[in-house]
Amino acid sequence: MSELLRKPDVLTKATEELDRVIGRERLVTEGDITKLPYMQAIVKETMRLHPVTPLLAPRLSREDASVDGYDIPTGTLVFVNVWAIGRDPAVWGDAPDEFRPERFAGSSVDVKGQDFELLPFGSGRRMCPGIGLGLKMEQVILANLVHGFAWRLPDGMAKEELSMEEKFGLSMPRLIPLQAIAEPRLPAHIYARPPP
Ligand code: HEM
């Protein structure tokens, strides 16, 4: 949401896709996600720049290895810095720090642990077993936040003023909680709680 509030053109494009594919008479469900490529690209771009676990889970090398010219002896504690890989200009081209979902248009790069430039769920035997649930939740929740509400920053706040500082740790949340104003953009009955 922070990146979308800093990039109104991306927010507008996402909203247009939702209006076109979902319409204004219902919310987004899990089955809709494959029909929302731009929303999928936003989620990938978010996890590229803001991986939940920036250094993944630590590994211990069980045998001597050589990776890209570096010798890694047995018993070395190894961290994979996916935060840095996600911002590496050698991989992502110029402006790697820019939030630009379009970079995934027509690209087969995915978050499933096979493309080493994008590993928000890790890779290999210890990769996240919750990827199926986590990814779907992220996509459906974000899609409904964007579909269900018109978003803006608090009155008088310019998008350049929004702090993007993060708190470093095992996971990496925002340093300062996001404050934003949301106004309904769908007919009132869509927000009613469904009957039990
Ligand atoms: C968007 C949501 C999520 C993200 C980004 C995420 C990310 C990660 C990452 C990066 C790892 C370390 C993988 C590695 O080092 O290769 C991990 C491990 C793990 N995740 Fe997730 N996760 C998410 C959701 C979930 C959910 C929903 C569950 C459970 C229902 C879950 C359960 C686990 C467990 C149990 C591990 C440890 C696996 C092991 O060490 O063998 N995660 N996750």
Side-chain angles (χ1 to χ4, degrees), residues 1-22 26-57 80-87 92 96-105 107-124 126-151 162 164-180 182 185-186 190-191:
M1 285 312 306
S2 306
E3 291 286 9
L4 295 180
L5 285 160
R6 273 161 30 107
K7 284 268 174 151
D9 53 326
V10 174
L11 186 54
T12 302
K13 212 166 148 182
T15 309
E16 281 167 6
E17 180 182 66
L18 288 159
D19 279 347
R20 193 175 64 249
V21 176
I22 309 296
R26 67 178 183 90
L27 295 174
V28 185
T29 64
E30 191 185 318
D32 296 317
I33 296 301
T34 53
K35 294 173 272 172
L36 298 169
Y38 195 64
M39 183 54 62
Q40 289 182 50
I42 289 175
V43 170
K44 282 184 190 173
E45 182 69 339
T46 303
M47 290 198 278
R48 177 182 76 83
L49 285 172
H50 309 287
V52 174
T53 320
L55 298 179
L56 299 182
V80 177
N81 190 341
V82 292
W83 189 93
I85 296 171
R87 291 161 186 262
W92 297 102
D97 291 337
E98 195 188 328
F99 187 83
R100 188 155 42 87
E102 287 75 11
R103 69 177 83 239
F104 289 104
S107 153
S108 63
V109 172
D110 209 344
V111 294
K112 309 265 170 71
Q114 302 300 310
D115 302 301
F116 289 173
E117 62 270 58
L118 189 67
L119 294 175
F121 293 95
S123 184
R126 303 303 295 269
M127 96 171 261
C128 178
I131 180 172
L133 178 62
L135 186 57
K136 282 192 188 78
M137 294 294 281
E138 222 175 311
Q139 291 166 332
V140 172
I141 291 169
L142 182 65
N144 275 312
L145 285 175
V146 172
H147 189 48
F149 300 93
W151 290 88
L162 178 61
M164 293 300 282
E165 272 190 273
E166 298 173 299
K167 197 160 55 179
F168 183 74
L170 182 62
S171 68
M172 235 169 125
R174 284 179 58 84
L175 182 62
I176 304 163
L178 174 67
Q179 286 191 0
R185 60 182 289 278
L186 302 177
I190 303 291
Y191 302 89

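For the numbers below, each heavy atom of this structure counts, side chains included, while hydrogens, waters and symmetry mates do not. These numbers come from a predicted model, not from an experiment. One-based numbering along the sequence shown.
- The two residues I22 and L27 come nearest to each other via the heavy atoms CG2-O, 3.9 Å.
- The backbone N or O of I33 lies less than 3.5 Å from no partner atom in the side chain of K136, so there is not a single donor-acceptor pair.
- By the 4.5 Å heavy-atom criterion applied to side chains, L142 and L4 are counted as neighbours.
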Q: Apply the test side-chain contact (heavy atoms from CB on, under 4.5 Å) to residues H147 and R185: give CA-CA distance (whole Å), side-chain angles for both, the deciding distance (0.1 Å), then the verdict.
A: CA-CA 8 Å; H147 189 48; R185 60 182 289 278; 3.5 Å; yes
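- Counting all heavy atoms, side chain and backbone alike, S123 lies closest to L119 at CB-CD2, 3.9 Å.
- Y191 OH: more than 12 foreign heavy atoms inside a 6.0 Å radius.
- The two atoms that bring P54 and M172 nearest to each other are CG-SD, 3.4 Å, heavy atoms only.
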Q. Going through the checks in order, is the side-chain contact (heavy atoms from CB on, under 4.5 Å) test met by Y38 and V10?
A. CA-CA 9 Å; Y38 195 64; V10 174; 3.5 Å; yes
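- When the shell of 6.0 Å around CZ of R126 is examined, it contains 12 or fewer heavy atoms from other residues, nucleotides or ligands.
- Ionic pairing of R26 and D32 is present here: one or more N-O contacts between side-chain nitrogen and carboxylate oxygen are shorter than 4.0 angstrom.
- Using a distance-only test at 3.5 Å, with no hydrogens or angles considered, a donor-acceptor pair links the side chain of E17 to the main chain of M39.
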Q.
Test side-chain contact (heavy atoms from CB on, under 4.5 Å) on I42 and V146; report intermediate values, then the result.
A. CA-CA 11 Å; I42 289 175; V146 172; over 6 Å; no
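- How far CD of Q40 is from NZ of K35: 12.0 Å, rounded to the nearest 0.5 Å.
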(Q) Show, in sequence, the C-alpha distance, side-chain angles and deciding distance for K112 and L135, and conclude whether the side-chain contact (heavy atoms from CB on, under 4.5 Å) test is met. (A) CA-CA 10 Å; K112 309 265 170 71; L135 186 57; 4.2 Å; yes
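- Taking the side chain as every heavy atom from C-beta outward, P120 and L118 approach each other to under 4.5 Å.
- Distance alone, capped at 3.5 Å, places no donor-acceptor pair between the R103 side chain and the E45 backbone.
- Between M127 and I131, the closest heavy-atom pair is CE-CD1, 3.8 Å.
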Q: Report the C-alpha distance between F99 and W92 in whole Å, list the side-chain angles of each, state the deciding distance to 0.1 Å, and finish with yes or no for ring pair (Phe, Tyr, Trp, His ring centres under 6.0 Å).
A: CA-CA 12 Å; F99 187 83; W92 297 102; over 10 Å; no
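- Of all non-hydrogen atoms in S108 and D115, the two that sit nearest each other are O-OD2, 3.8 Å.
- Few gaps surround CD on E102; more than 12 heavy atoms of other groups in view lie less than 6.0 Å from it.
- When each of L49, T46, L162 is tested with E3 by the rule side chain to side chain contact (heavy atoms under 4.5 Å, CB included), just one qualifies, namely L49.
- Other residues, nucleotides and ligands place more than 12 heavy atoms under 6.0 Å from the CD atom of E117.
- For the pair E16 and K13, the salt-bridge criterion is not met [side-chain N within less than 4.0 Å of a carboxylate O].
- One finds the CZ atom of F168 at 13.5 Å from the CG atom of L175 (value rounded to the nearest 0.5 Å).
- The two residues P177 and R174 come nearest to each other via the heavy atoms C-NE, 4.0 Å.
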Q.
For a salt bridge (Lys or Arg N to Asp or Glu O under 4.0 Å) check, start with the C-alpha distance between K7 and E98, then their side-chain angles and the critical distance, and finish with the verdict.
A. CA-CA 10 Å; K7 284 268 174 151; E98 195 188 328; 2.9 Å; yes
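- W151 places a side-chain heavy atom less than 4.5 Å from the side chain of L145.
- Here the side chains of M164 and H50 are in contact, with some heavy-atom distance below 4.5 Å.
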